[in-house]
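We use all heavy atoms of the structure for the numbers below, so side chains are in, but hydrogens, waters and symmetry mates are not.
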Amino acid sequence: MSFNPLTPLDIEALAAMVDASRFSTGDSVLDLHAKDQSHHLPQRPEVVIWPIDSSEVIAIVTYANDHLIPVTGWGSGSSLEGNPIPVHKGIVLDFSRMNRILSIREKDFQADVEPGVIYQDLNTQLRHTGLFFPPDPGARATIGGMIANNAGGTRTVHYGSTKDYVLKLSTVLANGEIMDMGSRVKKTSSAYDLIRLFVGSEGTLGIVVKATIRLAGLPSEFSAAISNFSSVEAASRAVFEILRAGLDPTALELLDSECINLMNEEKNIGLNASPTLFIEFSGPTLNQLSETMALAREICEDIGCDEFRAGLGREDRNRIFEARHELGEMIVRNHPDGRIRIMDMAVPIAAYPEMIAESRQALTASGLAGYIFSHAGDGNIHINVVGKKDDSKQWVQVDTLTDQLVLKALELDGTATGEHGVGIGKRPFMKTEHGKSLEWMKRIKALFDPNGILNPGKIFPSS
Ligand SMILES: Cc1cc2nc3c(=O)[nH]c(=O)nc-3n(C[C@H](O)[C@H](O)[C@H](O)COP(=O)(O)OP(=O)(O)OC[C@H]3O[C@@H](n4cnc5c(N)ncnc54)[C@H](O)[C@@H]3O)c2cc1C
């Protein structure tokens, strides 16, 4: 695909479409929209526009399509795989001002939102209703960005990921047409499921301008525990056994000792520095939870855990999960001269212990600094591997190691990305992961976006 750089005439035409305060070609604004939270190199767009309604998005996208100018959606820029980096420049549409909660329909367990709504803000608004939107990537992400990446988080093991919460979408297609898809009903067998196609498409098929999302009831009781093991392999066996026993945790997270050390240093939470499981259950009564917790204890003890500390109060639990959510930032702070590659492969749960064992061994053998922290209940493994910023040799080593681990996950029938999306970094693995169906994905892309203007340079390998 070849695109046209913006001319002064383009700038003039686009500027006329929105209020001057919502249009910028200023250096600092372009810099702010050149990079997400990943290690990928920045690329500035040529202009940033903040639309406030779908008619503005339609006008901008139509113009861009007619003039072969790339358009990339922008939520909060919290992606971890280069997903919103405008690698072919052009226009970035920043949705932070299209952030109205349009309606909350408590009785239907649904809300209609614009794409720029931050999910934590929605949950704050929902507090009095006893409902919430469960996917929780942790960063201050927008619902549009979460839909585009099919974001997950610590609660996915119980609640599912964003794809399980999108009922209806309004999207602006590349030709400027608006397409509504989906339905307000909880179940439907009616024709093709376009929602599933668009969720996780990283803004390459259409721009989301409105979504109807499903909400869940806030559980009234919860119970949390920490269990320490002598190795990540033993901890990962406990994950498998807890799930096999059907205990249905609301969170089941595995952190290696390097992560625990960091959390202790930064948050002073006094955990034992060994591979640790954070286990959380929620439900209607404390009695039910204490029975479930007793079974979890039995499983961990049978596997030989060093400690099982149950009965954490809400405060302790919140402190630990807050620290868990901040781990990525702690790792960055701890390596000021580092460039960090963030992995998020996922494997079927039976293969999880093998994947963890291989990852730990490969990390140790490489001598590189690395942190394993995982949404273990989903078979989703996060590994942050650190190389020195200015050491190109070490970067080759980081890439070789991380590529090897992605290929291992694929060999185990897993996926290159459990929740961060393909973005830039996982493109080389798409052929191995999807085989011939990747060709059908390309045809779908060409059908919706024949000129390839929507977030080009993502998902598909370059050759
Ligand atoms: C500390 C930290 C922890 C994280 N933990 C997790 C985690 O546990 N689980 C997880 O899943 N993710 C996690 N993430 C990654 C990130 O938060 C998610 O990928 C999130 O979905 C990105 O949302 P965003 O609003 O920042 O979108 P952006 O990063 O701005 O964009 C994401 C994608 O959406 C597209 N896009 C944005 N708006 C629209 C729109 N309106 N229409 C079409 N496309 C659009 C962009 O072009 C891009 O492809 C974490 C990130 C950080 C920094």
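By the neighbour-count criterion of 12 heavy atoms within 6.0 Å, atom CZ of Arg184 is densely surrounded, having more than that number from other residues, nucleotides or ligands. Within a 6.0 Å sphere centred on NZ of Lys388, other residues, nucleotides and ligands contribute 12 heavy atoms or fewer. Heavy atoms from other residues, nucleotides or ligands lying under 6.0 Å from CD of Glu12 number 12 at most. Annotation for Lys445: atom NZ counts as buried by contact number, over 12 foreign heavy atoms lying within 6.0 Å.
Using a 4.5 Å heavy-atom cutoff, the side chains of Ile49 and Ile91 are in contact. The closest side-chain heavy-atom distance from Pro86 to Arg44 is not below 4.5 Å. Side-chain contact check for Leu255 versus Ile372: every heavy-atom pair is 4.5 Å or farther apart. Within the 4.5 Å cutoff, the side chain of Thr417 has no heavy atoms near those of the Met345 side chain. Phe198 has its side chain within reach of Thr171: a pair of non-hydrogen atoms, C-beta onward, lies under 4.5 Å apart. When side chains are defined from C-beta on, Phe373 counts as touching Asn384, because their heavy atoms get closer than 4.5 Å. Gln110 has its side chain out of reach of Tyr165: every pair of non-hydrogen atoms, C-beta onward, lies at least 4.5 Å apart. Between Gln397 and Ser366 the shortest side-chain heavy-atom distance falls below 4.5 Å.
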Could you walk me through whether Val57 and Leu93 pass side-chain contact (heavy atoms from CB on, under 4.5 Å), step by step? CA-CA 8 Å; Val57 177; Leu93 290 180; 4.1 Å; yes
Checking Lys436 against Glu439 for the salt bridge (Lys or Arg N to Asp or Glu O under 4.0 Å) test, could you report, in this order, the C-alpha distance in whole Å, the side-chain angles of both residues, the deciding distance, and whether it holds? CA-CA 6 Å; Lys436 281 193 182 153; Glu439 292 309 312; over 6 Å; no
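Legend: residues meeting salt bridge (charged side-chain N to carboxylate O under 4.0 Å, His left out) with Asp403, ordered by chain and number and at least two apart, are Arg341. By the salt bridge (charged side-chain N to carboxylate O under 4.0 Å, His left out) test, Asp344 pairs with Lys426, sequence neighbours left out.
Distance check: Leu41 CG to Ile424 CD1 gives 8.0 Å after rounding to the nearest 0.5 Å. With rounding to the nearest 0.5 angstrom, the CG atom of Leu405 is 4.5 Å from the OG atom of Ser359. A distance of 10.5 Å separates CG of Leu327 from NZ of Lys267, quoted to the nearest 0.5 Å. Note that the CG atom of Leu438 and the CZ atom of Arg427 stand 11.5 Å from one another [nearest 0.5 Å]. For the atom pair Leu122 CG and Gln120 CD, the distance stands at 10.0 Å (nearest 0.5 Å). To the nearest 0.5 angstrom, Leu173 atom CG is 9.0 Å from Leu205 atom CG.
Checking side-chain atoms of Asn4 against main-chain N and O of His67 turns up a donor-acceptor pair under 3.5 Å. With hydrogens and angles disregarded, no donor-acceptor distance shorter than 3.5 Å links the side chain of Lys168 to the backbone of Ile213. Here the side chain of Glu419 pairs a donor or acceptor atom with the backbone of Gly153 at under 3.5 angstrom. Panel note: side chain Asp136, backbone Gly138; no donor-acceptor pair is recorded below 3.5 Å. Remark: the backbone N or O of Asn380 is not paired with any side-chain donor or acceptor of Asp378 at under 3.5 angstrom.
Using modelled atom types and a 3.5 Å distance limit, the side chains of Thr204 and Asn455 yield no donor-acceptor pair. In this model, a donor atom of one side chain and an acceptor atom of the other lie less than 3.5 Å apart for His33 and Asp94. Side-chain atoms of Asn83 and Glu81 include no donor-acceptor pair closer than 3.5 Å. A donor-acceptor contact under 3.5 angstrom links the side chains of Asn65 and Asn451, judged on distance only. Between the side chains of Asp10 and Thr7, a donor-acceptor pair is found at a separation under 3.5 Å. Ser79 and Asn149 share a donor-acceptor pair across their side chains, judged by distance under 3.5 Å alone. Checked by atom type, the side-chain pair Glu433/Thr415 shows a donor-acceptor distance below 3.5 Å.
Taking every heavy atom of both residues into account, Phe95 and Gly73 meet most closely at CE1-CA, 4.2 Å. Contact between Ile381 and Met355 at its shortest, heavy atoms only, is CD1-CG, 3.0 Å. Here the closest heavy-atom approach between residue Pro249 and residue Val157 is recorded as O-CG1, 3.5 Å. What you find for Thr142 and Ser76 is that their closest heavy atoms are CG2-OG, 3.5 Å. Summarising the geometry of Ala141 relative to Pro137, their closest heavy-atom pair is CB-CG, 4.0 Å, with the distance given to 0.1 Å. The shortest heavy-atom contact between His88 and Pro70 is O-CG, 3.4 Å.
Annotation: cation-pi geometry not satisfied between Arg22 and Trp50 (NZ/CZ under 6.0 angstrom from ring centroid, within 45° of ring axis).
The aromatic ring centroids of Tyr371 and His335 lie less than 6.0 Å from each other. Proximity of the aromatic rings of Phe132 and Tyr119 is defined here by a centroid distance below 6.0 angstrom, and this criterion is not met. The aromatic ring centres of Phe133 and Phe109 sit 6.0 Å or more apart.
The residue from Ile195, Leu194, Thr212, Val209 that alone fulfils the side-chain contact (heavy atoms from CB on, under 4.5 Å) condition with Leu169 is Ile195. A side-chain contact (heavy atoms from CB on, under 4.5 Å) with Thr25 is found for one member of Ile11, Leu14, Leu6 and no other, namely Ile11.
Note: His382 and His375 have perpendicular aromatic rings, judged against thresholds of 30 and 60 degrees for the angle between ring planes.
Using a cutoff of 4.0 Å between basic side-chain nitrogens and carboxylate oxygens, Arg339 and Asp391 are not scored as salt-bridged. Ionic pairing of Arg214 and Asp108 is not present here: no N-O contact between side-chain nitrogen and carboxylate oxygen is shorter than 4.0 angstrom.
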